[in-house]
Structure formats: C-alpha cells, structure tokens
J.: 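Encoded as structure tokens, here's the structure I'll be asking about.
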2 protein chains.
Amino acid sequence: MTETRLDAVKLDGAGPVYDQIRRAIRDLVVSGEWQPGTSVPPEHALMEQLGASRMTVHRALVQLAREGLIIRRRRSGTVVATPPASHAMLDILSIPEEVRQLGQAYAYEVLARTDGRPSPEVAELFGLKRSDRIAHLLVLHRADGRPHVLEERVIHAAGATGLAGEDFAETPPGDWLLQHSLWSQAEHAISAIGAGEEQAALLDIAVGEPCLLVERRTWNHSQPVTAVRLLYPGFRHRFVGRFGPYGAA
Amino acid sequence: MTETRLDAVKLDGAGPVYDQIRRAIRDLVVSGEWQPGTSVPPEHALMEQLGASRMTVHRALVQLAREGLIIRRRRSGTVVATPPASHAMLDILSIPEEVRQLGQAYAYEVLARTDGRPSPEVAELFGLKRSDRIAHLLVLHRADGRPHVLEERVIHAAGATGLAGEDFAETPPGDWLLQHSLWSQAEHAISAIGAGEEQAALLDIAVGEPCLLVERRTWNHSQPVTAVRLLYPGFRHRFVGRFGPYGAA
DNA sequence: AGCGCTCAATTGCATATGCAAATAGCACTT
DNA sequence: AAGTGCTATTTGCATATGCAATTGAGCGCT
C-alpha cells in the first residue's frame with residue numbers, strides 16, 4: 001500500500017471548501033497522480049494540512065467514495081479505487097470477457113496491421129494531425145470457432161505506451177489498451193448497416209446481412225487514444241440496459 | 001404549490017437516521033404520493049417531526065437533491081422535482097421531440113389498434129396473464145413526411161389510467177403514456193434486423209434493408225406497463241452516448 | 001400601478017464535540 | 001504455530017451552534 005504525497009492536495013479557493021477538497025483529490029485520482037491502491041491520507045492529516053475541520057474533510061471524502069473514486073474502511077483507511085474501467089465498463093470493452101460470459105470459447109486473429117501516419121479520412125474522423133503516428137488494425141474475434149465480431153481499430157501511439165513493441169499475439173488490442181492507456185472520455189454510437197462484401201466474407205454471412213455497428217472513440221484529456229468500429233452480425237446480438245427513471249438501477 | 005402531508009414521513013429504524021429519512025422521502029416521491037411540484041416540508045418542520053437534528057435532516061435532503069428527486073432553493077424551500085422521465089429520458093422516449101430536435105416536421109398515424117386480451121406470444125414476452133386487458137397498437141412516425149420509425153406497442157390497461165377512452169388522435173401513445181402512467185423500471189435492447197415485407201412497405205425501404213430494432217419494456221413496481229418495438233431504418237439513425245470512466249459526463 | 005426597501009424564512013456551509021463501530025497490529029497465552 | 005484478547009487508529013454518525021446567502025412577501029412611497 002504505497003503512500004500518497006500529502007502536500008499534493010491544494011485548494012483553489014473557488015466555491016465551498018468541501019468541494020474544493022473533493023475536486024482537488026478527484027483531480028489527483030483521475031490524472032493518475034494518485035495510482036489505484038495507494039492510500040489517501042487519513043481525515044486528521046488532511047484536516048491539519050488544509051486547515052479545515054474534520055467534518056468538512058469527511059464530507060468531501062464521503063462524496064468521493066459515493067462516486068466510486070475511493071474506498072474507505074474503518075481503521076484501514078482510505079485507498080484510491082481501481083478504476084471502474086476494468087469493472088463496469090469491462091462489459092462493453094472486453095470482447096474476450098463478453099464471449100466467455102456467454103459460455104463460449106474465445107479466439108481471435110489479427111488479420112492486418114499497418115503502422116504509420118493516418119490517412120486523411122482517419123485523421124479527419126479522429127481529429128488527428130497527419131504527422132501523428134498511429135497503428136491501424138483489423139481483428140476478427142471468434143466464439144466457439146465462429147466469427148463473432150469484426151474489429152477495425154486505430155490507436156494513437158502517443159496515447160498508448162509500448163505500442164510499437166507490441167504484436168498483439170497474446171492479448172487483443174482492446175484488452176491491451178485497458179492496461180497500457182488511460183481514458184477520460186468516450187463516445188459511443190450505435191447504428192445498423194448491411195455487411196459489405198469483404199466484411200461478409202470475414203464474418204461468414206451473406207452480403208447485405210443486417211449488422212450492428214458500434215463505433216467508439218476514446219480520449220484522455222482531449223488527446224485521442226483510440227477509435228474502433230465493431231461490426232456484429234445483427235441477428236445474434238443485442239445490447240441490453242436496465243434503468244429506472246432516476247438513473248441506472 | 002400544494003402542500004405535502006408532514007406526517008407521511010415515517011422512519012423504519014433500519015440503518016443510519018439520515019438514510020432512513022432519505023429513503024422515507026424517496027419512497028413518497030417515487031410512489032407518486034408526493035406529486036411533482038408539491039413542496040417538501042422545511043428542514044425545521046422535519047426536524048421536529050422526526051426528532052432529528054437539522055444537520056441530519058439536511059444531509060438526507062442534500063443527497064436527494066443530488067439524486068435529482070427534489071429541488072431546493074433558499075427561502076422558497078424544497079419541492080418535488082418533475083420526474084426526469086420528461087427530461088433526461090425524454091430524448092429516448094419522445095419521438096416527436098426527437099424529430100423536432102432534428103429540425104424536421106413531425107407527424108404520425110395510428111395504423112391499427114386492437115383492444116382485448118394478449119395473444120400467447122405477447123403474454124409470454126411480457127409476463128402478462130391471459131386475462132389481462134391490453135391495447136395493441138401500430139403507429140408510423142414521419143419526419144418531413146418521410147417514414148421515420150415504425151412503432152409496435154402493447155399497453156397494459158391496468159397500468160395506464162384512461163386507456164380505453166383514449167384514441168391517440170392528439171398525442172402518440174408513447175407521449176400519452178408519459179402523462180398517464182408511472183414507471184420504475186425499464187429495459188432496453190438494441191439489435192439489428194432486416195426489414196420484413198410489411199415493415200419495408202410501411203417504412204418505404206427495400207425488403208431486407210438493415211434496421212435498428214429498439215425494444216423497450218417498462219414496469220411500475222414489477223407490474224408491466226408497456227412494451228414497445230421501434231424499428232428505425234438503419235442508415236439514417238445512430239444512437240450516441242458520451243461518458244467517462246466514472247460515469248456519464 | 002410600479003418601484004424600492006426591509007424583514008424574515010429557508011437553505012448552505014463550516015466548526016467543534018462526542019461517541020460508536022470496525023479492525024490492524026501487537027502482546028500474550030496455549 | 002495458532003489462537004485470544006487488548007488497544008489504538010480510523011472512519012461513521014449525530015448533535016448543537018452560528019453565520020452567510022438567497023429571495024418571497026409585505027410595506028411604504030411616489
């Protein structure tokens with residue numbers, strides 16, 4: 001349990017004190033400066049460091065805990081939570097996991113990879129400079145041997161450390177990115193489209209067969225990280241969500 | 001601004017006091033007993049009624065406000081919020097709104113309506129008894145005159161007051177239900193499917209054209225309210241969502 | 001009627017204080 | 001080694017208190 005640097009918590013004087021504290025700590029967490037697993041200073045320490053009462057510090061920490069950024073336990077103290085990227089989001093992000101949860105055998109092949117500069121279309125789509133270095137991948141995921149989803153992905157080298165030396169033989173790029181990149185923003189778009197010729201061949205379906213197209217782009221503090229297009233044969237996939245009128249259940 | 005009944009707030013003695021208060025008021029709101037717009041008793045009143053300190057009452061109310069169930073303003077007091085069903089959820093629920101936000105003219109036709117008992121399939125799909133009374137509707141929504149989405153809907157009469165006397169001439173059923181029913185749970189499923197013959201004719205597209213199928217079922221405290229299948233021509237629709245690793249942005 | 005002023009109701013925030021509950025770590029025993 | 005119990009640390013909860021900020025409502029003046 002590594003220690004965190006206490007003097008890293010700095011207030012900005014804007015708004016209520018408890019909220020300054022909350023934002024200060026939140027920023028340290030989401031920026032990665034306080035890594036998951038490191039322990040947050042106890043209320044007494046923050047109280048002295050910041051010159052606020054314990055209840056005020058408490059209020060900030062309680063709120064952060066409710067937001068899931070930190071985990072608090074009596075006596076053992078407060079630690080930075082491991083980001084839900086590897087939990088809640090995993091359902092959507094990790095295809096191997098998705099397939100295994102269906103009780104099917106997972107496998108994948110990297111069909112193509114090109115490293116270099118983005119084409120004009122890719123640069124446009126993603127807001128990249130033509131001079132940025134990227135990797136362009138085409139991956140086919142299989143469930144019980146049958147084609148499950150076709151993945152076309154662009155990875156921005158600057159956002160993923162160790163990209164050049166990785167051949168994705170062990171881990172498909174989506175899962176690899178979970179380990180080797182950070183993201184703060186994501187955008188999803190879902191639409192329906194007919195399979196093109198090449199796509200149909202790879203997915204082993206008829207040309208024009210309806211498919212779900214999931215497009216996802218992720219950024220880390222406005223720097224692009226990756227963009228992906230996932231093409232699912234439509235008839236055997238559904239995306240399901242449950243919620244109540246006041247939010248997810 | 002109607003008044004709320006103060007003695008309706010009852011604690012159950014389970015867990016922290018602030019949370020008992022929070023749940024007590026939340027239940028009054030989500031059950032509809034405290035209607036949107038009615039004013040919640042001020043902190044002092046609750047404090048006396050419940051024998052808790054103001055800060056404790058305050059804590060419960062602040063949390064409810066953050067959850068969006070109530071709205072608090074100094075001096076004017078606290079009122080029950082109008083359910084986000086007509087706000088956040090509206091984006092998805094109200095097709096007229098969706099079309100108008102695209103800057104297109106909205107129109108709709110009720111193509112068919114049957115009132116009676118559910119067929120075995122409908123009963124199965126929805127967990128209804130064969131003896132329940134339902135309405136079965138087929139509605140076509142148009143944007144700028146062109147078919148926009150095809151809606152097939154089942155409404156459980158017991159969950160929607162005034163269903164029998166409503167002909168949906170003024171308001172399409174989805175929007176009408178927002179006014180005349182409550183829901184506490186919803187489930188969405190999105191998939192891709194090719195248009196069938198009848199569907200293609202109605203939507204004015206080719207048979208087999210890829211479409212987005214959105215299926216939604218809603219319940220009110222485990223009692224079915226409505227189920228709907230929305231069929232969107234795929235090429236001109238996308239569902240977009242944005243979020244960060246710690247939740248929606 | 002309209003305008004501006006004051007007053008008081010109500011929520012927002014922060015502090016100080018005390019006790020309760022959980023438990024990590026340690027000393028001690030078996 | 002394994003259990004057993006004590007103690008100190010840390011968070012959780014509730015209270016009492018005081019002041020600040022906002023603003024609806026009434027009042028008085030023109």
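Numbers restart at 1 for each chain; the letters A, B, ... are given by sequence-line order, proteins then strands. What you see below is based on every heavy atom in this structure, not just the backbone, and it leaves out hydrogens, waters and symmetry mates. As the structure is a computational prediction, the values presented were derived from the model and not from experiment.
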J.: Over all strands shown, is B:Arg54 touching base, sugar-phosphate only, or nothing at heavy-atom distances under 4.0 angstrom?
T.: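 Answer is base: heavy atoms of B:Arg54 come under 4.0 Å of a base.
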
J.: Both A:Arg73 and A:Arg59 contact DNA chain C. Which one's nearest nucleotide lies toward the 5' end?
T.: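 Of the two residues, A:Arg59 wins.
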
J.: Do the side chains of A:Arg23 and A:Asp12 get close enough for a salt bridge, i.e. N-O under 4.0 angstrom?
T.: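 Salt bridge present between A:Arg23 and A:Asp12.
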
J.: With nearest nucleotides of DNA chain C determined for A:Asp19 and B:Thr78 from heavy-atom distances, which residue corresponds to the more 5′ nucleotide?
T.: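 By nearest-heavy-atom nucleotide position, the 5'-most residue is B:Thr78.
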
J.: Answer with base, sugar-phosphate or nothing: what part of the nucleic acid does A:Gly15 contact at a heavy-atom distance below 4.0 Å?
T.: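 No contact at all - A:Gly15 keeps every heavy atom at 4.0 Å or more from the nucleic acid.
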
J.: Kindly indicate whether the side chain of B:Arg75 and the base of C:dT10 share any N or O donor-acceptor pair separated by less than 3.5 Å?
T.: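 A donor-acceptor contact between them is absent.
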
J.: Tell me whether the OP1 or OP2 atom of C:dT15 has a side-chain N or O from A:Thr56 closer than 4.0 Å.
T.: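 Yes, A:Thr56 has a side-chain N/O under 4.0 Å of OP1/OP2 on C:dT15.
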
J.: Strictly below 4.0 Å: does A:Tyr18 bring a side-chain N or O up to OP1 or OP2 of C:dA14?
T.: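 The answer is no; no side-chain N or O of A:Tyr18 sits under 4.0 Å from OP1 or OP2.
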
J.: Give a yes/no answer on whether the side chain of A:Ser76 brings an N or O atom under 4.0 Å of OP1 or OP2 in D:dT11.
T.: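 Negative; the distance criterion is not met.
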
J.: Using a distance-only test with no angle check, is there a side-chain donor-acceptor pair under 3.5 angstrom linking A:His141 and A:Glu151?
T.: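 Yes, A:Glu151 and A:His141 have a side-chain donor paired with an acceptor closer than 3.5 Å.
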
J.: Using only heavy-atom distances, determine whether the side chains of B:Thr226 and B:Arg217 contain a donor-acceptor pair under 3.5 Å.
T.: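 Side chains of B:Thr226 and B:Arg217: no pair found under 3.5 Å.
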
J.: Nearest-Å distance, CG (B:Leu50) to P (D:dA14)?
T.: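 Distance, rounded to whole Å: 12 Å.
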
J.: Does A:Arg66 have more than 12 heavy atoms from other residues, nucleotides or ligands lying within 6.0 Å of its CZ?
T.: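 Enclosed.
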
J.: Go through D:dT11, C:dT11, D:dG12 for me and flag the one nearest to the A:His44 side chain.
T.: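 So the nucleotide nearest the side chain must be D:dT11.
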
J.: Can you tell which of C:dT11, C:dT15, D:dG12 lies closest to the side chain of A:Arg72?
T.: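 Given the options C:dT11, C:dT15, D:dG12, the side chain of A:Arg72 is closest to D:dG12.
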
